[in-house]
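All values below were derived from every heavy atom in this structure, side-chain atoms included, with hydrogens, water molecules and symmetry-related copies excluded. Chain naming here is simple, since letters A, B, ... match the order of the sequence lines and numbering starts at 1 in each. Keep in mind that this is a model prediction, so the values were computed, not measured.
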Number of protein chains: 2
Amino acid sequence: MARIAGSHGPTTAAAIRRAGLALIHRHGYEATSLRQLAAAVGLRPASLYNHFPTKQALLFSLIHDHMIDLLAGTEAALEAAGRGPLARLRAFLAHHLRYHLDRKAEVFIANFELRALAPGNHAAVIGLRRRYEGLLIGLLEEEAAAGRVTLPDAPVTAYAVLAMLTGACTWYKPEGRLDPEAIIALHTDLVLRGLAAAPPLARAASGPE
Amino acid sequence: MARIAGSHGPTTAAAIRRAGLALIHRHGYEATSLRQLAAAVGLRPASLYNHFPTKQALLFSLIHDHMIDLLAGTEAALEAAGRGPLARLRAFLAHHLRYHLDRKAEVFIANFELRALAPGNHAAVIGLRRRYEGLLIGLLEEEAAAGRVTLPDAPVTAYAVLAMLTGACTWYKPEGRLDPEAIIALHTDLVLRGLAAAPPLARAASGPE
DNA sequence: GAAATAAACGAACATACGTTCGTTGAACAG
DNA sequence: CTGTTCAACGAACGTATGTTCGTTTATTTC
């Protein structure tokens, strides 16, 4: 009925984050109760408050940390990429997919639970997300300026590409048929071919659409 | 304090559906209370039960009807399409986007609130969704068999394409810069070029990824 | 016009929620 | 060894939730 032998703050906090991630991923933020969360960590509900001030703060922390990691990882990947044509764009796509397959739960929450964020937290995350989208938009514009890519509209194209890549975290299962590298290759080809500065497609002349 | 003059069952039921759609779209299913919903329609909470047996049944009805409409609309669009190369695939893509831009709320809910469905309802919707994905997978395989498309993996390619197209309903705003037809054209080009049976891309030799 | 049905209501139910509080005993700093 | 901090606890608070019930009056049916 008091402090448990061997209990250690940071360890417990990490366990709460881990369990929170899994529960919110599975059931959603609103549908996840602190009693469930506490039970998953082997605590009483009140004890959670030794580690997080509110449920909302936990959600924000999970999403915010993920965005920071994603941005830092991407910037490092771009840094490490060569200067060749499309090299940085390729690096962006590969990093995005690798990260999204590797950290499905974070990504899923960051995309599906944005609405559950309080206004200030929401704005902060949107800002980070804008910065991330900006990286891709910039890469697309660079390649377009060099004539290596056709780009009717940089932002919308970026949204389309991101939606496609991010979608992978919805259906991907580690035990599935394709391994991550195959999935990365498939998506990269699809995107780069789709963007390629190529003779415009013959428009359909047969159907009504 | 009793039946209101001019009240009409089907009209009220439709109003509940409309308001429920908007509220769930904005706040999510779990975060939408029946008191909010009733207030939006100008009713008391108890009166909702004259029109829907449970909150869950309302959600299921919204999602289920949407899936039925989507399937029926798609089948009609394919029927109406010509037999030319890529004609049916084009028709699928155009219909999917038009529907998704037009009925953002339904689509958003059907994709984001699946977890909130009770197991039986969930299975029913997943079944319909499988059928829908199957249509695209079939089209892709037809085109691949005719040598008009490169297809490393039909299901994963279909998921990628659907994720990209469906993503549009996340960011699309009717008052935005691009009108629906421009968005449809952009996506169609991106997808068809991406799939095109073309000389494989030179793999990057410059970057580490 | 009477009987049956439809569609609203107010009041209340049990339950669950996020959170606060004071307390207790382990871990750690001097 | 002592005093402080840390990390757990049980109990409770106020509020909100989905839903049920019996009642009341408009509308429809015969």
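Terminal axes of the helix from C/dG1-D/dC30 to C/dG30-D/dC1 (five pairs each, C1' rotation axis) are separated by 20°, to the nearest 10°.
With hydrogens and angles left out, the side chain of B/N50 and the base of C/dA6 share no donor-acceptor pair within 3.5 Å.
Residues B/G194 and A/R193 share a closest heavy-atom pair of O-NE, 3.0 Å. Heavy atoms only, all atoms of each residue included: A/L97 and A/I183 are closest at CD1-O, 4.3 Å. Among all heavy-atom pairs drawn from B/T32 and B/L23, the shortest one is OG1-O, 3.4 Å. Nearest heavy atom pair, residue B/R115 against residue A/I24, reads NH1-O, 3.3 Å.
Distance, B/L58 CG to D/dT19 P: 10 Å, rounded to whole Å. Following rounding to the nearest Å, A/L43 (CG) and D/dG10 (P) show an atom-to-atom distance of 11 Å.
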Atom pairs, N/O to N/O, protein against nucleotides 27-30 of chain C, distance under 3.5 Å?
unit_1: C/dA27; atom_1: OP1; unit_2: A/G6; atom_2: N; d: 2.8

Tell me, with the steps shown, if B/R90 and B/E143 meet salt bridge (charged side-chain N to carboxylate O under 4.0 Å, His left out). CA-CA 11 Å; B/R90 264 181 200 283; B/E143 299 294 347; over 6 Å; no
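Side-chain atoms of A/N111 come within 3.5 Å of backbone atoms of A/V107 as a donor-acceptor pair (strictly under, hydrogens ignored). In this structure, the side chain of B/Q56 engages the main chain of B/A116 through a donor-acceptor pair within 3.5 Å.
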How would nucleotides 11-19 of chain C be written as a contact map, 5' to 3', with B for base contact, S for sugar-phosphate-only contact and - for no contact, using protein heavy atoms under 4.0 Å? BB----BBB
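OP1 or OP2 of D/dA8 lies within a sub-4.0 Å distance of a side-chain N or O belonging to A/H51. Considering only side-chain N and O atoms, A/S47 lies under 4.0 angstrom from the phosphate OP1 or OP2 of D/dC9. Dashed line: the shortest gap from a side-chain N or O of A/R44 to OP1 or OP2 of D/dG10 is under 4.0 Å.
With B/L128 as the partner, the side chain to side chain contact (heavy atoms under 4.5 Å, CB included) test is satisfied by one option alone out of B/E133, B/H64, B/H66: B/H64.
The ring of B/F52 has its center no closer than 6.0 angstrom to the ring center of B/F60.
Ring geometry for B/F112 against B/F108 counts as parallel: the plane angle stays under 30°, on a 0 to 90° scale with 60° as the upper cut.
From B/R88, atom CZ reaches atom CG of B/L136 across 11.5 Å, with rounding to the nearest 0.5 Å.
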